[in-house]
Each structure stands twice: as structure tokens, then as C-alpha cells.
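Below, chains carry the letters A, B, ... as their sequence lines are ordered, and counting in each starts from 1.
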Protein chains: 2
Amino acid sequence: MAMELRRPERTFTIRQLCTEFKATPRALRFYEDKGLLTPARDGMNRVYSYKDRARLILILRGKRVGLSLQEIREILELYDEGDEAMSQNAHSLKKFREKIVVLEQQREDIDGAITELQQACERLEGRLAEKRPDLLPKADDYDQMLRARLDGHAEMAIGK
Amino acid sequence: MAMELRRPERTFTIRQLCTEFKATPRALRFYEDKGLLTPARDGMNRVYSYKDRARLILILRGKRVGLSLQEIREILELYDEGDEAMSQNAHSLKKFREKIVVLEQQREDIDGAITELQQACERLEGRLAEKRPDLLPKADDYDQMLRARLDGHAEMAIGK
DNA sequence: AAAAGACTTGACGTTAACGTAAGAGGAATT
DNA sequence: AATTCCTCTTACGTTAACGTCAAGTCTTTT
């Protein structure tokens, strides 16, 4: 009977998660050091479950939006922690609400930065078209950009 | 005749810009070191123009959306550089387009993170309301949050 | 059995973006 | 004149988030 590679019982090696998410083993061990991941062991070797993988996804996204590992850990702890340390949680609640405000501001910043960059690109293209049209990107370049982009999304979508 | 503190001829000391934008002198000098700012001098002392201040605003926003100082510098250089180094610019163009893609992804991430945090907050509040309603934030707290938020925006809007 | 690959644990190195402390120069206040 | 205050430069310290060896174990391949 073939292994069921898509079922929740499925486990992952460190290398598998790394290639899937373009991380390094060092990074995953580091997250473990900091208490963000706690994979099982097979002898010495780490064995990551689907839950571990889900946590890793949250970690990486948290990083992309500028959260520190410390902040990410606090969020993750909400998911497994039963409910001891309630007064701690009151504090977490406050911090989360503040973080939401920061993120909303950050989204505005990003929108601004995007339009800014687009204007800069247009100015650049204008000047290049005028003086050095030979340096303008070829259609191929855009093709490749789009491909890379789609690949990335596909990986996320189907879990490789 | 009173000094015209709102006109473009107006200049700023390092401390003024720092208090306006909640930065430190060390940071501004650091940006200068890295070539992101080049204020004039009055003897030894730095004198920042309106243009310098505008650049600083861009620097800080760039930082908030996760750009490195190096990347921010490349963007800023587009604004003063006449048009030597055209082939350099072809490279910049490519990098900017890539950065736009990254930022768009980042905005999605932020939206995701916001909803995630909001759910976490709701779960937390639910548990707190059930077991320790005394720890729930008071109306005052939210008042204060909103005030802080509005203050922040006001500062940006009216340039203090 | 020997070599080649993954995995492991230290332990030290690195980079970005400042912080911090020391020492000195002018301007303003007492 | 002395103190206070702001600024300057120089230089070493710091933190986060890993990178990069080194040295060992286990498994698989040759």
C-alpha cells in the first residue's frame, strides 16, 4: 500500500520543509531554539508533523510582515496553550490590538510605496526609452517574472 | 517681520526633525553616513532643508515597509541624479519591478495577519470574558488608543 | 568495509541598524 | 567666568536572525 503523502499523518524531514519554503535547516533549528517549533524526534532526527508545518507557515508569514520571532511566538502560543496564565493573556490581548493598528498603518505605507515605486519605474522607463531604448527589458524578462511568480503561488497552494 | 516657519526656505535642526518624527540624532547621522541624507552645514552643525525633510519622510516610510537603507537609497537617487549612469538605471528598473511584486505579496500577507490577529483577539476576549472578566480592557484604554492614533496622524498631516 | 550523504550539536562569525559612552567645540544663561 | 546645553566626531557595544564551519552519528550506496 502506497504511503499517503497527503494525509495528516504524513511527516516531513527538515530538508523537505526547507526546500518547500525556501528556508534553511539552520533557520528551522533556530526557530526551535527560540521555542517556535517543537518537532518530534526519530532517534536524533527531527520529524515535523502537519501541525509543525502549519506553524512554520505562520512563522514565515509573520516574518514577511515584519513581526519579530518573539511576537510570532506569542501568537503561536495562543493556539496550543490551554488557558493557564490568564492575566498574561490580558497583556497579550492589548499587544495584539496595538499590533493590528501598526499593521493597518503598514498596509497604507505599502500602498504608498507601491505607487511611489511605480512612478519611479515609469520615470525610469521614460528616460531609458528616450536615451537608451536598447536597455529596456525584453518581453522574455517579463515572461520569466510571471513564471517565477506563478511557481511560487503554486507551491503554496498545493503544498508541493 | 516674523520668521516664516512654514515656507520652503525654512530649515530644521537635527533635534527638530528627530522630535517631529521620533527618530534619534544618531539615526539621522547614520543615514547621512550611508548617503541617504546630505544636509548643509552651519559651521559644524547640520542644517536640514525642506527637501531633506521630505527625503527623511521617504526613508522612514521605506523602513516601515521593510526596505533596507540600501534599497531606499537607490530610490532616492532617482530623484536627484540627472541621468548619468543609464545602464545602472536599467538594473534599478528591474529591481524596482521585483520589489513591487514583493510588496504586493506583502500586502496580502498583512491582510492575512490582520485577520489572524483579530481572530486571536476574539478568542482571547471570549476566554477572558468567560473566566476573568475583570481583566478585560476598560473603555478608557480604547479611548487612549484612539487618541494616540489620532495624534500620530495629526503630526504627520500638519507637519507638527 | 569504505565512502558518500543526510542529520545532529556546539561554537564562533556576520550583517544591518543603530545605541552608548567619551571627549571636545561653540552659544547661551546665570 | 563658570555652568549649562546642544552639537560634533570617533569608536566600541548591542541585538536579531541567522551563516558558517567543525566534528560526530546513522544510513545508504558502492
Separation of [N] [atom2] from [X] [atom1] (nearest whole Å):
| X | N | atom1 | atom2 | result |
| --- | --- | --- | --- | --- |
| A:L60 | D:dC18 | CG | C1' | 13 Å |
| B:F30 | C:dG19 | CZ | P | 10 Å |
| A:E71 | D:dA17 | CD | P | 9 Å |

*State whether B:R97 and A:E125 are salt-bridged, where the test is any N-O pair (Lys NZ or Arg NE/NH1/NH2 against Asp/Glu carboxylate O) under 4.0 Å.*
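The answer is yes: the pair qualifies as a salt bridge.
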*asked:* Side chain of B:I14, heavy atoms from C-beta onward: which of C:dC18, D:dT7, D:dC18 has the nearest atom to it?
replied: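 Of the candidates, D:dT7 comes closest.
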*If you check the B:L69 side chain, which of C:dG19, D:dT7, C:dA17 turns out closest?*
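Taking heavy atoms from C-beta onward, the closest nucleotide is C:dA17.
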*asked:* Judged by each residue's nearest nucleotide on DNA chain D, which is more toward the 5′ side, A:M44 or A:P25?
replied: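 Closest to the 5' end, via its nearest nucleotide, is A:P25.
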Think [X] has a side-chain N or O under 4.0 angstrom from the OP1 or OP2 of [N]?
| X | N | answer |
| --- | --- | --- |
| A:R41 | C:dT9 | yes |
| B:Y31 | C:dC18 | yes |
| B:R46 | D:dT7 | no |
| A:T13 | C:dA6 | no |

*asked:* Under 4.0 Å, heavy atoms only, any strand: does B:R15 hit a base, just the sugar-phosphate, or nothing?
replied: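 Touches sugar-phosphate only.
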*asked:* What contact category does B:K63 fall into here, base, sugar-phosphate, or nothing, at under 4.0 angstrom with non-hydrogen atoms?
replied: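 Sugar-phosphate: the residue B:K63, judged by heavy atoms under 4.0 Å, touches backbone atoms but no base.
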*Do B:R26 and C:dT20 share a donor-acceptor pair, side chain to base, under 3.5 Å?*
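Pair found.
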